[in-house]
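The chain is numbered in sequence order, starting from 1. Atom set for the values below is all heavy atoms of this structure, side chains included, hydrogens, waters and symmetry mates excluded. In this text the structure is predicted, and so the values were computed from the model without any measurement. Start at 1 and go down the list; that is how both ligands and their atoms are numbered.
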Amino acid sequence: MDGIKLYDGSDPAAVASVCETYSISTEEFASLRAKTVAAKATAYCPYSQFRVGAALLAVDESAAGATTWVSGANVENASYPVGTCAERVALGTAVVSGIKKFRALGVATDVSPPSSPCGMCRQFIREFCGTSMPVFMFDRDNNFAVLTVIQLLPMSFGPDSLPSPEELLANRPT
Ligand code: THU
């Protein structure tokens with residue numbers, strides 16, 4: 001776990017304190033966990049048998065900022081590299097449904113300690129989620145870890161890292 005804290009998901013005091021830190025209610029945490037674990041059951045992973053579920057606690061800006069949820073799971077392929085991770089399935093589904101504001105991401109696997117989003121997913125998450133958004137990683141034993149997007153991807157390259165092509169061209173060193 002590289003010094004990353006592991007929380008006991010069945011300890012109400014631990015859960016309450018984490019929820020306060022990341023500005024989500026304990027009810028939202030319980031739903032995030034339940035939806036993340038439920039999403040795992042929809043994984044298509046005949047090649048690895050490594051099920052990953054993802055769920056997003058999101059804001060529907062077209063419905064007066066109502067809370068909404070989007071789920072995903074890993075979808076593998078006979079041509080192995082073509083498979084897609086759960087996190088990217090969930091985020092892609094949200095974005096094409098018009099949901100672009102996120103408060104938390106949950107990821108669940110069948111292993112313990114918790115698995116964390118792969119490098120490619122960290123970059124994909126960085127595109128759409130705030131750098132201080134929490135990513136909850138649930139393991140098989142009701143324990144979890146939580147890190148923010150910037151903790152998962154320090155000194156990240158995001159949409160705001162790209163000057164316009166015109167600006168780059170105008171300021172190109174000779
Ligand atoms: N996987 C995810 O869905 N998310 C991750 O962040 C790590 C890996 C999937 C990809 C593949 O289907 C399986 O887990 C084994 O790598």
Item to check | Close-range residues for ligand 1, whose non-hydrogen atoms fall below the 4.0 Å threshold | outcome: Ser48, Phe50, Val52, Asn74, Glu76, Cys85, Ala86, Glu87, Ser116, Pro117, Cys118
Checklist entry - Do Arg88 and Asn74 get their side chains close enough for a donor-acceptor pair, meaning under 3.5 Å? => result no
Next on the checklist: Rounded at 0.5 Å granularity, tell me how far CG in Leu105 sits from CG in Leu91.
Outcome noted: 6.5 Å
Checklist entry - Between Asp110 and Arg51, is there a salt bridge with N-O shorter than 4.0 Å? => result yes
Checklist entry - Is it true that Met137 and Val146 fall in one hydrophobic cluster, defined by side-chain heavy atoms closer than 4.5 Å? => result no
For a quick test of your reading: what N or O donor-acceptor pairs under 3.5 Å do the side chains of residues 118-128 make, sequence neighbours left out?
unit_1, atom_1, unit_2, atom_2, d
Arg122, NE, Pro117, O, 2.7
Arg122, NH1, Leu152, O, 3.1
Arg122, NH2, Ser116, OG, 2.7
Arg122, NH2, Pro117, O, 3.1
Gln123, NE2, Phe157, O, 2.7
Arg126, NE, Ser156, OG, 2.6
Arg126, NH2, Asp160, OD1, 3.2

Checklist entry - For the ring pair Phe29 and Tyr22, is the centre-to-centre distance below 6.0 Å? => result no
